[in-house]
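Not measured: the values here are computed from a predicted model.
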Amino acid sequence: MFFKKLVGKEPKSSRGSSSSTPPISSPSMSPVGSPIQKSKYDNIETTQEELDNIDFGKDTDSTVPPEDKKNLWKKVKGLVGKDPMSLVSLPVYFFEPITVLQSQCEPLRFVELIEKACTLNDPIERLIYITAFNVAVFSSYIRTAKPFNPLLGETFEYIPKDGSYKIFGEQVSHHPPIGVVYTTAGEFSLQQESWITTKFWGNSLDVFSHGQNHLKLHKSGDHYTWRVPSSICHNIILGRMWIEHHGDLTIVNEATGDKAVINFQKAGWFEGGQKKISGSIVDGQGRMRCQVSGKWNQHVKIRQLDQNGIKSKEFIVWEAKPEPKEVLNKWNHGPFIQSLNEMTPEHESILPPTDSRVRMDRRYLEREDNKMANKEKNRIEENEREKRKEREAKGIEWRPNYFTKRADKQFGYRWDFTGDYWSEREKRIETVVSKKEAQRQPFNIRAIPTYKEDPPIISTHRNTISKQDSKNQQHQVSREGSLEDKMTNTSISTDNQGHIVTTTRTTTTTVLQDSHDAKLEGFEDNGDHHVIRFSSPAQGQSSR
C-alpha cells in the first residue's frame, strides 16, 4: 500500500499515538481563503535538495518497496506537517498505472444515476439521484496506490463503448496541481476540478480537496455545484491502514435553491462507525423534504417526507455492486478502470502525444517493467523541470490549450472548455483515414471510440485537375458564356467486418453568364446537376 510503503513500519510516530490526527483546517491555498493553523511541525526545515536526494531503497526498480526503512524514515520525517505529494519524486512502485486525469473519470462509473435524474420532473427527486451519485463515487476511493501526476498540458480523452458520453481532461496548472475534466452527454454536462493538497503527520495523512464541480441538466436547467469532503489515511506506520472520508458534502441546485447536506461521519477511535453518512435534502424554501442515511461504500437510503414533515416513502436509491475480480491485475482495477487504458492501434494513431495513455512511464508500469518505468519517469520529470526553467527565464506564463479561466462573482472563478479538442480530433481522424485510403491499407474506423451524437466520419476530397485533361478538369468551359464546377464528395463508412467502404458522388454546377449587371435569373436541379443562371458574368457554386 502506498502510504505504508512511504514510511515503513519500524519507527514510531513522532506524535505518540498511532491514531491521533491534528485538527484539520482549510489549507492556505483554499479558494475560500481560510488560513491553515500552524503547528510545531511547520518549523521543520527540509530543503528541496534534500527531498530530491531521498533514497527510496537500493533498488528503486524493484516491484516492491525496500525492506530497510530506518534510514528512509530519518529523511522523510522532515515532511511531517508538510505536503509530501507535491514535494517528493517517488519511485514507481508507489504508483498504479493511471494518471490523476484518468482517475477523474471514475465517477462516470455511476453515470446511470445522473441519467435517471434527467428523466424526472420533480426537482427534489432529481436532487435525490444527484446526491446518490456523489456518495457512490466514494466507493471507488479505497485504493491506496498513487496515480501519476499529470504533466503540465497533459490531456486525456475517453468515450465508452456505447458512445453515450465523451470526456476530455487537461492538466491546467502544475503548482498547485490542477486538472479539469469536462464530460459532454446528450442530457447533461459535467465539469470536475481536481485540486488536492495533503499534510503528513507521521502515522496519518490528511487529504484536502478544493476543486469546484459543476453539473448541468439540459432539459430542466438544473445547475448543481459541490466540493468533495476531506479524507484521512490512518495507521500508516502502526496497525492496519484504513481510509475514511469526513466532513460535509453540500450539493446546491443553483437554479432552484434546493440543497442536500450529507455528513460523512468520522470513525473516532474505532473503525466500527466508519463509512456512515447522514443528512437531509431541503427545498428552496428551507423545508426538509428527505432524510438521507447509509454507508458511502454500500448504499444510500432515502426517507421522503410530505409537506407536513411526515414520512411518505422510504427506499434504497443506490446500492454498491461488487466489481468482478480481474485476472492478473495487481492494482485491483475493475473493468471500468481498465477501460481507461484500453487503446487499439487505430485509436492510438489519432491520439495526440499529450494523452495519458501514451505516457511511457505509465505504460512500462502497466507491463510491470519497473526499471524502464523509473528511467522514463525520471527523464520526463527532468524534461519538465527544464521547460519550466526556460519559461521562467523568458517570462512566459503557461496558458492551458483547451480551457480558459475567468473570474466569476458567484463562484470566484470558472473554467470554460473551448471545445477545440474535439474538432482537432476530427481533423486527425480525417488525415489518418485519407492517408490509409491513399496507401490502400486496411483501417478499421470502428476501432476508434465514437460519441453517438457526433456526426459520422466523412472525408470530402475536391478533384485536382490539370488543363490538359478535359475529362477531369475542375473548372471547364463547356460552351461560351458558361462555367462548370465539379465537386466530388467521398463518404467513408465500414461494412460488417469493419473494412472501409468508400461511396463517391460527383455534383456538377453550371453557371450561365452574360455581359449585363449581376442578377439571379434561375436555378435548376435535376439530382446530380445544378444550373444557376445570372444576367452578368459571375461565379456561382453549389454542393450537394
Side-chain angles (χ1 to χ4, degrees), residues 100-121 123 125-137 155-172 178-195 209 211-228 249-260 336 339-340 400-426 449-455:
V100 174
L101 282 178
Q102 290 176 292
S103 69
Q104 285 179 257
C105 300
E106 269 192 81
L108 274 299
R109 280 183 57 201
F110 310 100
V111 67
E112 69 276 1
L113 294 169
I114 299 179
E115 293 171 340
K116 175 66 176 179
C118 293
T119 67
L120 301 173
N121 295 321
E125 291 184 355
R126 292 196 295 269
L127 183 51
I128 287 174
Y129 280 88
I130 301 306
T131 300
F133 167 78
N134 273 279
V135 173
V137 165
T155 63
F156 181 67
E157 68 164 60
Y158 180 73
I159 301 175
K161 292 180 180 179
D162 64 2
S164 57
Y165 58 84
K166 59 182 179 181
I167 303 176
F168 173 76
E170 180 182 12
Q171 189 73 3
V172 297
I178 300 176
V180 183
V181 167
Y182 191 86
T183 302
T184 302
E187 299 297 327
F188 70 90
S189 60
L190 171 64
Q191 184 180 100
Q192 302 158 270
E193 181 188 32
S194 173
W195 181 356
S209 180
Q212 299 183 31
N213 300 282
H214 297 265
L215 170 65
K216 293 185 177 181
L217 308 188
H218 300 159
K219 181 180 178 180
S220 65
D222 289 346
H223 176 192
Y224 302 96
T225 60
W226 67 89
R227 282 192 173 96
V228 177
L249 167 67
T250 301
I251 308 166
V252 179
N253 186 342
E254 306 292 344
T256 64
D258 302 333
K259 180 189 298 185
F336 184 87
S339 72
L340 300 176
N401 293 307
Y402 302 102
F403 289 93
T404 57
K405 189 177 183 180
R406 61 177 170 84
D408 186 274
K409 291 182 179 179
Q410 184 175 4
F411 304 107
Y413 66 93
R414 290 292 304 274
W415 290 103
D416 293 327
F417 178 46
T418 65
D420 292 343
Y421 177 83
W422 297 114
S423 58
E424 292 177 7
R425 184 183 193 264
E426 290 179 9
T450 304
Y451 176 47
K452 65 182 181 182
E453 298 201 17
D454 280 343

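- Listed by chain and number, the residues in a ring pair (Phe, Tyr, Trp, His ring centres under 6.0 Å) with Tyr402 are Phe168, Tyr421 (sequence neighbours excluded).
- Nearest approach of Leu249 to Arg227, heavy atoms of both residues: CD1-O, 3.4 Å.
- Between Asp454 and Lys166 there is a salt bridge, with a side-chain nitrogen of the basic residue lying less than 4.0 Å from a carboxylate oxygen of the acidic one.
- From Ile159, atom CD1 reaches atom OH of Tyr165 across 10.5 Å, with rounding to the nearest 0.5 Å.
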Quick one: do Ile178 and Glu193 satisfy side-chain contact (heavy atoms from CB on, under 4.5 Å)? Show the steps, please. CA-CA 7 Å; Ile178 300 176; Glu193 181 188 32; 3.6 Å; yes

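- Ring pair Tyr413/Trp415 is perpendicular by interplanar angle, where above 60° counts as perpendicular and below 30° as parallel.
- Separating the NZ atom in Lys219 from the CZ atom in Arg126 is a distance of 9.0 Å, to the nearest 0.5 Å.
- Between Phe188 and Tyr224, the distance separating the two ring centers is not shorter than 6.0 angstrom.
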- Query: Checking ring-ring contact (aromatic ring centres under 6.0 Å, His included) for the pair Tyr158/Phe336: CA distance, chi angles, key distance, verdict?
  - Reply: CA-CA 11 Å; Tyr158 180 73; Phe336 184 87; 5.7 Å; yes

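- From Thr184, atom OG1 reaches atom CH2 of Trp422 across 7.5 Å, with rounding to the nearest 0.5 Å.
- Between Ser194 and Val100, the closest heavy-atom pair is OG-CG1, 3.7 Å.
- Residue His214 comes nearest to Thr225 through the heavy atom pair ND1-CG2, 3.4 Å, listed as atom of the first residue, atom of the second, then distance.
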Please assess Leu101 against Val181 for the test side-chain contact (heavy atoms from CB on, under 4.5 Å), listing each intermediate value before the final yes or no. CA-CA 7 Å; Leu101 282 178; Val181 167; 4.2 Å; yes

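- Atom OG1 in Thr418 sits 7.5 Å away from atom CZ in Phe403 (nearest 0.5 Å).
- Across Leu190 and Phe133, no two heavy atoms sit closer than the pair CD2-CZ, 4.4 Å.
- The backbone N or O of Gly186 lies less than 3.5 Å from a partner atom in the side chain of His218, making a donor-acceptor pair.
- A distance of 8.0 Å separates CD1 in Ile114 from CG in Leu217, rounded to the nearest 0.5 Å.
- Listed here is the closest heavy atom pair of Thr250 and Trp226: O-CB, 3.4 Å.
- Only one option out of Gln104, Gln212, Glu170, Gln191 pairs with Val180 in a side-chain contact (heavy atoms from CB on, under 4.5 Å); it is Gln191.
- Arg406 approaches Asp416 most closely through the heavy-atom pair NE-OD2, 2.5 Å.
- Once rounded to the nearest 0.5 Å, the distance linking CG of Asn134 with CG of Leu127 reads 9.5 Å.
- Remark: Glu187 CD is loosely packed, at most 12 non-hydrogen atoms of other residues, nucleotides or ligands lying under 6.0 Å away.
- Under the 4.5 Å side-chain criterion, counting only non-hydrogen atoms from C-beta, Asp222 is in contact with Thr256.
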Would you sort out whether Ser164 and Val111 count as a side-chain contact (heavy atoms from CB on, under 4.5 Å), showing the intermediate values?
CA-CA 10 Å; Ser164 57; Val111 67; 5.5 Å; no

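- Gln102 places no side-chain N or O within donor-acceptor distance of the main-chain N or O of Phe156, the cut-off being under 3.5 Å.
- In this structure, the side chains of Ile128 and Lys116 stay at 4.5 Å or more apart for every pair of heavy atoms.
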